[in-house]
Amino acid sequence: MLVWSRPGRILIWAVFALLFGVLFLAPLAVILLSSLADQWNGVLPSGLTTEHYSDVVQGAAWKAVKASLVTGFLASALALVSGTWAALALRIQDATLARVLGVLFFIPSAVPSVSVGLGLLVAFSHPPLLLNGTIAIVMVAHFVLISAFTFGNVSAGLARLSPDFEQVASSLGARPAYRLWHVTLPLLTPYLVAAFGLSFALSMGELGATVMVYPPGWVTLPVSIFSLTDRGDVFAGAALTMVLVAVTLILLLGLERVAGRQTRS
Amino acid sequence: MSVPAFTGSNVMDVDAAKIRGAGSNVHFDKVSVAYGAHVVLHPLTLDIAPGEILAMIGPSGSGKTTALRAVAGFVRPASGRIRIGATDVTDLPPYERGLGMVVQNYALFPHMRVEDNVAFGLRAQGADKALIGERVKDSLATVGMLGFAKRYPRELSGGQQQRVAIARALAVRPRVLLLDEPLSALDAQIRRNMVEEIAKLHRDLPGLTILYVTHDQTEALTLADKIAIMRDGRVSSHGPTAELYRRPPNRFTAEFLGRANLLPVTVAEGAAGPKGLAKARLGNAVLAGAARGEKPGDKTLLCIRPQHLSLTGDEEHTNRIVGTLKEVHWQGELTHLVLDVDGTPVRVSATRLPVSLPEPGSAMPLFFAPGDTSLVPEDVRG
Amino acid sequence: MSVPAFTGSNVMDVDAAKIRGAGSNVHFDKVSVAYGAHVVLHPLTLDIAPGEILAMIGPSGSGKTTALRAVAGFVRPASGRIRIGATDVTDLPPYERGLGMVVQNYALFPHMRVEDNVAFGLRAQGADKALIGERVKDSLATVGMLGFAKRYPRELSGGQQQRVAIARALAVRPRVLLLDEPLSALDAQIRRNMVEEIAKLHRDLPGLTILYVTHDQTEALTLADKIAIMRDGRVSSHGPTAELYRRPPNRFTAEFLGRANLLPVTVAEGAAGPKGLAKARLGNAVLAGAARGEKPGDKTLLCIRPQHLSLTGDEEHTNRIVGTLKEVHWQGELTHLVLDVDGTPVRVSATRLPVSLPEPGSAMPLFFAPGDTSLVPEDVRG
Amino acid sequence: DGVVTIYSADGLHDGNGSWYETEFAAFTKATGITVQYIEGGSGGVVERVAKEKSNPQADVLVTLPPFIQRAAADGLLQDFKPEGSDQIDGGTDKYRPLVNNYMNFIYNASVLSEAPKSYNDLLDPKFKGKIQYSTPGQAGDGTAVMLEIIHAFGGEDAGFEFMKKLQDNNVGPSASTGKLTALVNKGELHVANGDLQMNLSQMADNPNIKVFWPAGPDGTRSTFALPYEIGLVTGAPNSDNGKKLIEFLLSKEAQSTVSSVALGLPARKDVKPDDANFAKAQEAMKGVTIWAPNWDEALTKLPDYVKKWNEATGS
Amino acid sequence: MADAAVLHAPMTRKVPGRFWIVPPAALLALLFFYPLVLIVQQAFTDDSGMANVAEFVRVLHARFFLNALINTITISVAATAGCLIVGLVLGLILAFVPFPGSGVIARLIDTFIALPTFLVTLAFTFLYGSAGMLNAGLMEIFSLQAPPVDFLYSTWGVVLAEVTVYSPFVLRPLLAAFSLVDRGQIEAASVLGARPFRIVRQVILPAAVPALIAGGSLCLLLTVNEFGIVLFIGAKGVITLPLLIYSKAIQESAYQVACIIAVINIALSLGLFGLYRFAAGRLGA
Ligand SMILES: Nc1ncnc2c1ncn2[C@@H]1O[C@H](COP(=O)(O)OP(=O)(O)OP(=O)(O)O)[C@@H](O)[C@H]1O
Ligand SMILES: Nc1ncnc2c1ncn2[C@@H]1O[C@H](COP(=O)(O)OP(=O)(O)OP(=O)(O)O)[C@@H](O)[C@H]1O
Ligand SMILES: [Mg+2]
Ligand SMILES: [Mg+2]
């Protein structure tokens, strides 16, 4: 609607194709290609093979997928609950306190992941809370790293929610808890789903902190990918990356459908 | 998006009496509201009788919504008490006040079907299933929406949504129904139908007390038993609708409630009683107007509504003024003439015009009945 | 948020003639528009004369906006050509068409001051500074908003925003002004003022061609020289405003353009010429109505406007029907009576009622002049 | 019954059928003890054990010098003398070699017709942006490069002088040595550092690489042992299982597969492999002098070295 | 969230609800602020547990630290600017010059949020490395001796990788904001004679400023703290603070130094973030 002439539109699309191709498509395609590459020492791979996939699948790929999914789900769920809870509770604080607390809930996003990992390891290798060597510490690390994003998303949704709905609900005799459960939360659902999707995606790609804290048998996908590529096994790493991309994409699309259904109804 | 009107039969089908409550009065006792240091409602005392429709009108920002929200319990008065029926509700949370409320845009819960929207209040209050089912049916029938129970709000037209919002408010058998500009999101045509529907609803449920907030005077005139006109957080005037329209107590009321021609006059001769006719002078003309206790020599305003100005005199239309015809606006149902009378623009509205209307620019006499006028004091602004 | 009306002096202060353009005609030549396979405008041929106000009205979804957007260049016709003046603009981008446009909500640029909003078009076209300054002043003066040049849109009332939107459109000296429901976001009161202001504007700039899209018939009746009534992507009727109102060519037009009472009658006696009076039968009554070439025995509709029904007969009001009074709605300026005439609801609107009105439920005669009627064929729906 | 947790520097768990994988499986089969495995960089695993000191999770630690020495110095390892330790040279009671290994360089044999002869050859401008070695102080192999150069040039000053010159050709720091192999194989780099065990095992996937040892100014080619060392963690939660695992990995049976499976050199003197891999390694190292650094001294000097290296290279 | 607070401010009934903030706040305090406090404490305590500010001062003056600080700022500012530009261009096209399939493309770009960041670097080596597809291709076609494209192991390589990874964070809120732009304004502007570029500059952009700010601040935070990309590119001259924390803590076992740098890194994140919000606020958000 902005560009009226057809040649103009085609030119614009060409710009888009170029940017998108260079920045997004090419890297993804190259990872895909190398996951299928036999040897790649010229412009193009010397041959194609699915061997890397079968290697990866025979290896601990499924365990890694599971570890990543479980971690992502639990950490995102915890972040969602706590972020939503915090955003809701902040509404009934007075303005100054709400602002200060709002900033505090935001600070975790300003801390480098390596520091989060080390900090957690130091803090929770001591009694009374011994978390090191457990799966919980991975969840905690992911939770800390994504909590600010969840909180931000939910707060934004809440600010956009017309107060009319809640007021009408109370005028009809709905007590706060009933109102929360039957009106506020359902209306927030699209934002909750979006927040969950974002934190899940972030969690799926987390490396810096996970590497420091993961317990035995709980190697997430990024950690396995990193250890493969770090030992020079680039092609297997690429194959595992494609698994990561596929899993995440499927999940995000699934979530979107849930959200779509929610907003439609 | 056609908006079928309530048909009489729809309403008759169910026993509307089931929904007729006893009706409660609403009493504002020196209620004031402030946001921080900003006082938006100055101590307000007002009583709405059981079964009465009080329309609260006034310009934007005059505190109408605030007053309504105080009744609902969403704002806490800085001082004063609010009573509904015999109960002092000032300290009750909204969900214990037993009200029904319909807001602009209706705020139907988009994730619930019509029937679940209507059932919401009862479920929230823990009513039992059978009762809920029955009440949902009754309430939807009352507003003629029984056939739409399974739909989602987005599948309804604006008018239908309004009816569902009303049904939702009625289902809890509220003592008082609060309406906050329920029509302001609609366009003029649908709005007209909606006003008629609310009027019909109140005829069916005469016991229901309604506080209706709007800034549209037509809605207020059509619906209300009484009108309170708000201005800058104060009640500028309050009284029975026709009374307020016919004898506005001040200029603001005269101009806000319907169109008014206000002619600056000098009282020549006071009236016997406060309701008699006084004589007033406008240029050379001497006009009779309904008095309010003016004394000779007082400068005041003679208020005459456009539709009360006639182009022909008769035994009733004894007041006569002469103006210069400026403009003629034909609008179908009404034709408006605008004249200049001694520098004051005067508007005449008529359904039919005489066959020969003078050319714009010519002088033209206008006639009106003294009984249709009232003398209105000029506002003293603070 | 009071909305001062344009005062005469404001308009006179500046040389409004400066803004008077030559005016161009707009010609739709078999223009059709489709979204995918869905045809929303069937080949449309229509001409708007230079300096004419054409109101395009019709129900929601009938294709009004689409037609206007085709003129503006936002939708590309599937077939047909559009000409503005001598230029075929069908293939020109919007920014080369030399139009002015005002849309619903006005779409003022919220981050620019009023003067920058008005200057926008000229700056976009690279006009030089001095000219821009002068034009901005002229345009703002034309709409009486000179004093608000430094404000932001959010600091203006709805009415003031509209005037700025119009000034912005006028500043580029458009050949044609396109208005797409410019008033639909306003409430009834402000809307009334706005309509009058547009009328005044056109009196000051008589050369300006205006295409005015609305679904409000009052606006159309007040403003337009000609009206095109759209229905389902087709022009249902098109003609001079008063003509279309007085003698609607079909039921749809009669009902859409103003309120109409449509009585089902049987023609008893045809008229001499197509414009004479025919005699028609409604129950026992024999009524005279403006004919359209009906033959005896034809079933047709007698159209009579609510304001043309009188409660008293005289030499002019010779048609007489009797109905049962059902409802009386007092609305201030107008009072509406609803009667039942042989099963058809009939509405009467009057500025004044006789002192003694019968009780609802009683029979009541109504009188009307044959010259105010017209016979209208029932629509044949496809 | 029971579990044992081993934290190990990466390198012995690559690919399917790796040495760790087969030996762990055999260990579980023999003892019923499940092996839990965590891997990381050679410094990373030590740091993790250090941070977990108050609540140790690891039983066995495997890493390279000088990090194993650091772990021992920080009290992270406890004394343990496994059965057969008399057959193993080097190490202390806190740790001892598990798989022997040597630092080396690799080059891309499809681009370069022959290996660079000497360190000074690497200063040739044609190698600009084509050489990379992992960062001393960060990667164990990188530290080894630094030590080797100091040794080859006969002293700190000459060594750092050379590294300063080499910096013109060096791409930059790399925390990982392993990923350089892929870059050399691809031709992205022409020369990089590595270690014998890793490079040999990577050759199947990276056919273009060859190992070499450049000569110092005096013409001798030298290298030193860079073994994977194994130790028992202080406060190990399953100390007994840990001991069993160490003994199992150092047993003759396990050691005899080191060469064929891990492509490393067995730590035990009484294991004499005769497989092709071993022969290949022996062949490659022909003519290379092997010297033994004093790791304890190296550890104390390391911060100073790293600082000097940073100064010399401007990193 | 401030809006919500204001809307509800009048309900000053002393609701017991004020304490509802305690559980999430306590959770965050335990899981995040407690470790953070330990880090801060460690930054000012030497290995023997004595309070020690000298080390802090020493780090502040160290060249490796200053280099990393400058690198971090350069990279994050450049990458954020890049993300804003790329996000803006892509967003404008997706929203206002859509083409069949643009929805799917937008979604595909979203998934980049989920990629471990170092993978983009990996892909970049294959693409732009001196033996990558681009260079190998160019060298073959023009029979060049040396690879013509050489930016991967520089600041620009890191910036490009970060732009790829983080521009979706700008694109997302921008697309949301664009969908709310009043189409009437765009049409009014074009009828008035404004060409697309002017419309973008004067009509669309002002409306998208809040989204740009939101996306930009997110990018800024993420790029200051980016670790995987820098670790993997590992070129001289691109050592940033997070990488320094990693190497100090892990490789050099200098935990106090790592904590000191972490504290400075956090301060830098918040400082840049605050500065950006302030500047953006000035610009009219
Ligand atoms: N939450 C609030 N904080 C501060 N001031 C407020 C708040 N809500 C309303 N006000 C102010 O209180 C005054 C009265 O507002 P109120 O909403 O009652 O007006 P209203 O008569 O309903 O107007 P409208 O016709 O525009 O709805 C206004 O000046 C408004 O700015
Ligand atoms: N972008 C579009 N894609 C598909 N169909 C469209 C689009 N825009 C409009 N339509 C359809 O075209 C028809 C005519 O729409 P148009 O907007 O012209 O109606 P209108 O007469 O202006 O109605 P309204 O009074 O509601 O504004 C409608 O059926 C509408 O659903
Ligand atoms: Mg209000
Ligand atoms: Mg339209």
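Just so we're on the same page: letters track the sequence lines, and every chain starts at 1. Side-chain atoms are counted along with the backbone in the values below, which use heavy atoms only and exclude waters and symmetry mates.
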Which one wins on heavy-atom pair count under 4.5 Å against chain A: D/Asp10, D/Val35, D/Ile6? D/Asp10
Side chain, backbone, both or neither: which part of A/Val213 has an atom under 4.5 Å from a heavy atom of chain D? backbone
Would you say A/Ser227 and D/Glu39 make side-chain contact, with heavy atoms under 4.5 Å? yes
Pair count under 4.5 Å, heavy atoms only, with chain A: among D/Pro207, D/Ala50, D/Ala58, highest is D/Pro207
Under the ring pair (Phe, Tyr, Trp, His ring centres under 6.0 Å) rule, collect the residues that match up with D/Phe27, sequence neighbours excluded. D/Phe248
About how many Å separate NZ of D/Lys51 and OG of A/Ser125, when rounded to the nearest 0.5 Å? 9.5 Å
Go through the atoms of D/Gln202 and report whether side chain, backbone, both or neither lie under 4.5 Å from a heavy atom of chain A. side chain
Keeping A/Asn132 on the side-chain end and D/Pro56 on the backbone end, is there a donor-acceptor pair under 3.5 Å? no
To the nearest 0.5 Å, what is the distance between NZ on D/Lys53 and CG on A/Leu121? 14.0 Å
Considering all heavy atoms, the nearest A/Pro216-D/Thr5 contact: CG-CG2, 3.8 Å
Proximal component of A/Val234, with respect to chain D [non-hydrogen, under 4.5 Å]: side chain
Inter-chain contacts: residues 185-196 of chain D against chain A, heavy atoms under 4.5 Å: D/Asn185, D/Lys186
Could you walk me through whether A/Tyr214 and D/Arg48 pass the side-chain contact (heavy atoms from CB on, under 4.5 Å) check? CA-CA 10 Å; A/Tyr214 76 95; D/Arg48 190 158 164 181; 3.9 Å; yes
